[in-house]
Amino acid sequence: MEKNILVVDDDEIVVKSCEAVLSAEGWQISGVTNARDAMELIKRNTYDLVITDLIMPTIDGFELIKWTNDNFPHTRIVVMTGYSSKAVLRDAIALDIVDFMQKPFFPNTLVDTITKALNTPPKVPVPSKQPDVFDMEKLNAIVKKYKKKPGSLITILQEAQELIGYLPPSIQKAIAKGLKVPVSEVHAVVSFYSFFTMKPMGKYNVRVCQGTACYVKRANEILEKLKETLGIEEGEITRDSLFSLETVRCIGACGLAPVVVIDNDTHGEVNPVKAHELLENYK
Ligand code: FES
């Protein structure tokens with residue numbers, strides 16, 4: 001199965017170089033230049049491996065590694081850094097990383113290290129539900145329906161996500177093949193739009209708007225209440241797979257702020273108590 005890798009480094013040249021070298025190996029690569037964007041992507045997608053720098057402004061690599069280990073323990077982590085003091089190395093290894101590369105490195109060192117790391121079993125299984133054959137037949141029908149219409153990639157992805165629930169690499173590859181476009185083109189669209197997800201969702205996906213209008217009306221308190229009620233963090237699924245929880249930026253319903261969307265139902269003027277009650281209607 002295709003591997004999904006995220007590269008994080010505040011030096012854009014390093015990110016672009018890693019992307020070029022690793023995508024040539026057939027892996028799906030996303031790159032960002034700060035840990036905050038990395039966290040957003042990790043919440044929305046399933047990565048087999050994250051390669052991160054350690055010394056970065058605002059949120060450093062150590063914090064990113066700890067956060068990833070706490071929230072997405074199936075994700076393998078490889079560190080790359082120009083700082084190779086023994087103390088830094090010891091601190092990074094203590095965070096349960098898979099491997100360590102000192103910058104600058106040759107392309108073959110990068111490929112060898114990542115190949116080895118991907119062959120290392122994850123600490124916990126990668127959450128995945130493979131689409132069945134029936135889904136794939138329906139997916140091919142969707143692609144066929146739109147393939148002659150220019151600019152239909154987003155529509156195809158939306159229908160594919162409605163059908164399967166998420167857009168793992170195998171589905172992106174099938175769509176790219178059907179449209180005769182590079183997989184990287186499909187992957188770029190999936191990674192860019194927050195309404196697309198590469199990992200499975202619960203039966204009901206709960207989205208809490210954290211846009212400005214909702215935030216000033218204390219949407220963060222609603223989020224905390226939902227986390228407590230469901231017993232999960234953002235980006236996670238409840239044990240019974242009934243609910244998943246995520247945050248979104250403005251969904252264009254600011255007049256109803258604060259807003260919670262459960263599947264396709266928009267609930268306005270929510271408060272923590274009402275949020276708790278809303279969930280009961282979906283059980
Ligand atoms: S900020 Fe929440 S709907 Fe606009």
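Note that ligands are numbered from 1 as they come in the structure, with each ligand's atoms numbered from 1 the same way.
Other residues, nucleotides and ligands contribute only 12 or fewer heavy atoms inside 6.0 Å of the CD atom of Glu12.
Among the atoms of Cys250, an N, O or S atom falls under 2.8 Å of atom 4 (Fe) of ligand 1. Distance check for Cys254 against atom 4 (Fe) of ligand 1: an N/O/S atom falls below 2.8 Å.
Contact check on Lys3 versus Glu25 returns no salt bridge, with no Lys/Arg side-chain nitrogen under 4.0 Å from an Asp/Glu carboxylate oxygen.
For the residue pair Ser30 and His187, a side-chain donor N or O sits within less than 3.5 Å of a side-chain acceptor on the partner. Looking at Thr247 and Glu234, their side chains do bring a donor and an acceptor atom within 3.5 Å of each other. No side-chain donor from either of Tyr282 and Asp263 sits under 3.5 Å from a side-chain acceptor of the other.
In Ala213, the parts holding a heavy atom less than 4.0 Å from any atom of ligand 1 are both the side chain and the backbone.
Proximity to Cys209 (heavy-atom distance under 4.0 Å) selects the following atoms of ligand 1: 1 (S), 2 (Fe), 3 (S). Close approach of ligand 1 to Ile251 (heavy-atom distance below 4.0 Å) involves ligand atoms 3 (S). Interface atoms of ligand 1 facing Gly211, defined by a heavy-atom separation under 4.0 Å, are 1 (S).
Heavy atoms of Ala257 stay at 4.0 angstrom or farther from ligand 1.
Taking the side chain as every heavy atom from C-beta outward, Ile5 and Tyr47 never approach each other to under 4.5 Å.
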